[in-house]
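Reviewing the structure listed below.
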Number of protein chains: 2
Amino acid sequence: MPNPKPGAPVRGSTTGRPLMAALDLFGRRWSLRILWELRSGPLGFRPLQRQCDDMSSSVMRQRLAELLEAHVVHQLPDSRYELTPLGRDACLALGPLAQWSERWAAVLDPQPAHRNSDQPTDRTSHPDTAGDGTLQPGSAG
Amino acid sequence: MPNPKPGAPVRGSTTGRPLMAALDLFGRRWSLRILWELRSGPLGFRPLQRQCDDMSSSVMRQRLAELLEAHVVHQLPDSRYELTPLGRDACLALGPLAQWSERWAAVLDPQPAHRNSDQPTDRTSHPDTAGDGTLQPGSAG
DNA sequence: GGCGACCGCTTCGGAAAACGAAACGAAGGG
DNA sequence: CCCTTCGTTTCGTTTTCCGAAGCGGTCGCC
């Protein structure tokens, strides 16, 4: 199982298109999060782990190895992890996503300051697939 | 385990910060890919599956259900899947990432004109990107 | 020098997620 | 009717993730 890398076939793509490789690399659990948490400076292994809500160290090591190989992250002499310039760019590319997430939150959970207009509920299909999934975002903390 | 949703605790984050929820939602296999493949218009289940390199139907259905619940994707009366306006925004937020991936490819495997390279991958042009990485979220809508 | 508290990192067993192929009923064309 | 395609579900297998414990090492402290 090769790590995703542009120019090499990645999971689900034999073309090796860069974006597909990036989607594979970042479409792994905690990849984006690690990137995000490193955005404000280098961090050691355990501090980074804590910053990532105590994710499992085994997975973190694996993600870190992938990110190191992808030259998105590098390791300082004191063994801390730091974004490479390329990694910082990737982090910048995450900016729009962060902005979007705010909009997303607003749409899913409109602030009940003025309960006049409801969201356009176009849920035509969804008969009984979920059952246990509470879909209404009404109780935001 | 509930689907990621801003305002609710998601995997690895008790804060419910929108970005963390988004990172959880999109940090699942094929999520980003599905979003990406829908960018140029609505697709039916099997066509979308083929577009996603024949990913497993079970996982696709699950991702689709999550995306539907997140109001990122909705289903047309003819049962095709289409990005919501919110989903199109998310796709736009992916634009910088697509641009980044091109830079990433260049850094990992520089292909200078005067230098021999043994990369067997055709990366000269891709229908998915507009050459310079400028992405059009599709004229659908 | 011994002790406890961190550190980066690995190992391992169990849980969850992804996979992939088969199958279902419905719709459409010949 | 037959054959294909469709959306979707089911199920057994493989992969990934998790999470806690443990390794050797360094540091401050007494």
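Letters A, B, ... are given to chains in the order of the sequence lines, protein chains preceding strands, and every chain is numbered from 1.
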Test of understanding: with ring pair (Phe, Tyr, Trp, His ring centres under 6.0 Å), list the residues that count as partners of B:W100, not counting sequence neighbours.
A:F26, B:W104
Scan the side chains in residues 38-51 of chain A for donor-acceptor partners under 3.5 Å anywhere in the protein, sequence neighbours excluded, and list what turns up.
unit_1: A:R39; atom_1: NE; unit_2: A:W36; atom_2: O; d: 2.5
unit_1: A:Q49; atom_1: NE2; unit_2: A:M55; atom_2: O; d: 2.9

Closest approach of A:A70 and A:L25, non-hydrogen atoms and distance?
CB-CD2, 3.9 Å
Decide yes or no for B:L83 and B:C91: does some side-chain heavy atom of the first lie under 4.5 Å from some side-chain heavy atom of the second?
yes
Given atom [atom1] of [X] and atom [atom2] of [N], what is their separation to the nearest angstrom?
X     : N      : atom1 : atom2 : answer
A:M60 : C:dC7  : CE    : P     : 11 Å
A:D78 : D:dT26 : CG    : C1'   : 13 Å
A:L68 : C:dG8  : CG    : C1'   : 13 Å
A:L76 : C:dC7  : CG    : P     : 16 Å
B:L48 : D:dG7  : CG    : C1'   : 12 Å
B:D24 : C:dA17 : CG    : C1'   : 13 Å
A:F45 : D:dT26 : CZ    : P     : 18 Å
A:Q49 : D:dA21 : CD    : C1'   : 13 Å

Would you say [X] reaches [N]'s phosphate, i.e. side-chain N/O to OP1/OP2 under 4.0 Å?
X     : N      : value
B:R61 : D:dG7  : no
A:R63 : D:dC17 : yes
A:W30 : D:dT16 : no
B:Y81 : D:dT8  : yes
B:R29 : C:dA17 : no
A:R50 : C:dC6  : no

Sort and list the pairs that fulfil ring-ring contact (aromatic ring centres under 6.0 Å, His included) and have at least one residue in residues 60-88 of chain A, not counting sequence neighbours.
none
Mind jotting down which residue pairs meet the salt bridge (Lys or Arg N to Asp or Glu O under 4.0 Å) criterion with at least one end in residues 74-92 of chain A? Sequence neighbours excluded, please.
A:D78-A:R80, A:D89-B:R103
Would you please name every residue forming a side-chain contact (heavy atoms from CB on, under 4.5 Å) with B:S79, sequence neighbours left out?
B:Q75
side-chain contact (heavy atoms from CB on, under 4.5 Å) filter on B:S56, not counting sequence neighbours, yields B:S58, B:V59
Under 4.0 Å protein heavy-atom contacts per nucleotide of nucleotides 20-30 of chain C, with B for base, S for backbone only and - for none
BBBB-------
Evaluate the side chain to side chain contact (heavy atoms under 4.5 Å, CB included) criterion for residues B:V73 and B:T84: first the C-alpha distance (whole Å), next the side-chain angles of each, then the deciding distance (0.1 Å), finally the verdict.
CA-CA 5 Å; B:V73 157; B:T84 62; 5.5 Å; no
Across the strands shown, which category fits A:R80 at heavy-atom distances under 4.0 angstrom: base, sugar-phosphate, nothing?
nothing
Could you tell me whether A:Q75 contacts a base, only the sugar-phosphate backbone, or nothing, with contacts defined as non-hydrogen atoms closer than 4.0 Å?
sugar-phosphate
Residues in side chain to side chain donor-acceptor pair (under 3.5 Å) with B:E66, at least two apart?
B:R28, B:R63
If you fit an axis to the five pairs at each end of the helix from C:dG1-D:dC30 to C:dG30-D:dC1, how big is the angle between those two axes, to 10 degrees?
20°
Checking C:dA18, C:dG8, D:dC17 against the side chain of A:S79 (C-beta onward), the nearest is C:dG8
